[in-house]
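This report refers to the structure that appears directly beneath it.
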Amino acid sequence: MARPMKKTDIETFFARLSDFNPAPRGELDYVNHYTLLVAVVLSAQATDVGVNKATGPLFALVETPEQMVELGLDRLKQFIKTIGLYNSKAKNVIALSEILIREHKSVVPNERKSLEALPGVGRKTANVVLNIAFGQPTMAVDTHLFRVGNRTGLAVGKTPLAVELALERRVPDAWKLHAHQWLILHGRYVCKARKPDCPSCRVADLCRFADKTTTLD
DNA sequence: ATCCCGAGGG
DNA sequence: CCCTCTGGAT
């Protein structure tokens with residue numbers, strides 16, 4: 001039952017996802033490093049579609065920390081009211097913007113430590129920014145990566161951090177940079193939480209969980 | 001009722 | 001470790 005995915009199968013796993021989608025892109029909308037950071041902070045426990053709906057009008061007006069501080073807490077809340085947890089997120093975005101201005105010359109830092117020191121930015125959000133904005137091969141373990149890793153046997157762990165470390169150990173270097181994006185897309189559209197679409201999954205034969213009862217052999 | 005690119009506080 | 005923040009989609 002606790003059968004981990006075989007090493008050779010991990011290679012095949014990513015080769016197939018890569019073949020299907022050679023240059024996977026995230027689905028959060030942003031216009032620069034700062035708006036990327038804000039979008040990822042807003043995306044906690046929310047769908048990216050819902051986040052994009054709110055950030056479209058917001059980023060048309062605001063794309064720098066200075067403009068965000070000038071916009072102010074109450075008006076920011078109006079923009080993001082349709083996103084869950086909007087109260088604390090709005091507070092965090094304003095506070096984080098003030099810190100960027102004060103301590104980082106309004107530039108999004110490229111170090112984990114500085115990123116995680118920002119309010120509303122934890123390990124997962126820092127990993128996303130490091131990966132997307134700065135091209136670092138980080139494994140940002142969100143709800144999708146956690147589920148897909150454990151379900152398939154690719155990277156098993158009881159906590160997101162454990163799964164992150166397992167991914168770093170097990171994913172071959174050649175696939176590391178885009179692993180997060182491939183896995184999240186796979187988790188969102190195929191290896192879904194409620195009704196995983198195993199029949200149309202291109203890596204089902206490598207998966208310990210896949211329902212293979214529909215195929216005869 | 002459950003899930004969505006979680007983080008912070010107790 | 002637990003709880004809270006929170007609205008929209010399915």
With heavy atoms under 4.0 Å as the rule, sort [X] into base, sugar-phosphate or nothing.
{"X": "A:L118", "result": "sugar-phosphate"}
{"X": "A:G120", "result": "sugar-phosphate"}
{"X": "A:E116", "result": "nothing"}
{"X": "A:A46", "result": "base"}

Mind calculating the distance between [atom1] ([X]) and [atom2] ([N]) to the nearest angstrom?
{"X": "A:L161", "N": "B:dA7", "atom1": "CG", "atom2": "P", "value": "12 Å"}
{"X": "A:Q45", "N": "B:dC3", "atom1": "CD", "atom2": "P", "value": "11 Å"}
{"X": "A:N127", "N": "B:dG6", "atom1": "CG", "atom2": "P", "value": "13 Å"}
{"X": "A:K53", "N": "B:dC4", "atom1": "NZ", "atom2": "C1'", "value": "13 Å"}
{"X": "A:F146", "N": "B:dC5", "atom1": "CZ", "atom2": "P", "value": "16 Å"}
{"X": "A:D142", "N": "B:dC3", "atom1": "CG", "atom2": "P", "value": "15 Å"}
{"X": "A:R188", "N": "C:dA9", "atom1": "CZ", "atom2": "P", "value": "16 Å"}
{"X": "A:M139", "N": "B:dG6", "atom1": "CE", "atom2": "C1'", "value": "19 Å"}

Worksheet item: Which class fits the ring pair A:F14 and A:W182: parallel under 30°, tilted 30 to 60°, perpendicular over 60°?
Response: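 Geometry flag for A:W182 against A:F14: tilted rings.
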Fill in: Side chain to side chain, A:N127 and A:E164, heavy atoms closer than 4.5 Å
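Of all side-chain heavy-atom pairs linking A:E164 with A:N127, at least one is under 4.5 Å.
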Item to complete: Compare the minimum distances between each of B:dG6, C:dG8, B:dC4 and the side chain of A:H144, then state the nucleotide with the smallest one.
Response: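 So the side chain of A:H144 is nearest to B:dC4.
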Practice prompt. Report the nucleotide, chosen from C:dG8, C:dC5, B:dC5, that has the shortest atom-to-atom distance to any side-chain atom of A:Q181.
Written response: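 Taking heavy atoms from C-beta onward, the closest nucleotide is B:dC5.
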Practice prompt. Would you please confirm or rule out a distance under 4.0 Å between OP1 or OP2 of B:dC4 and any side-chain N or O of A:T143?
Written response: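 Checking A:T143 against B:dC4: at least one side-chain N or O falls below 4.0 Å of OP1 or OP2.
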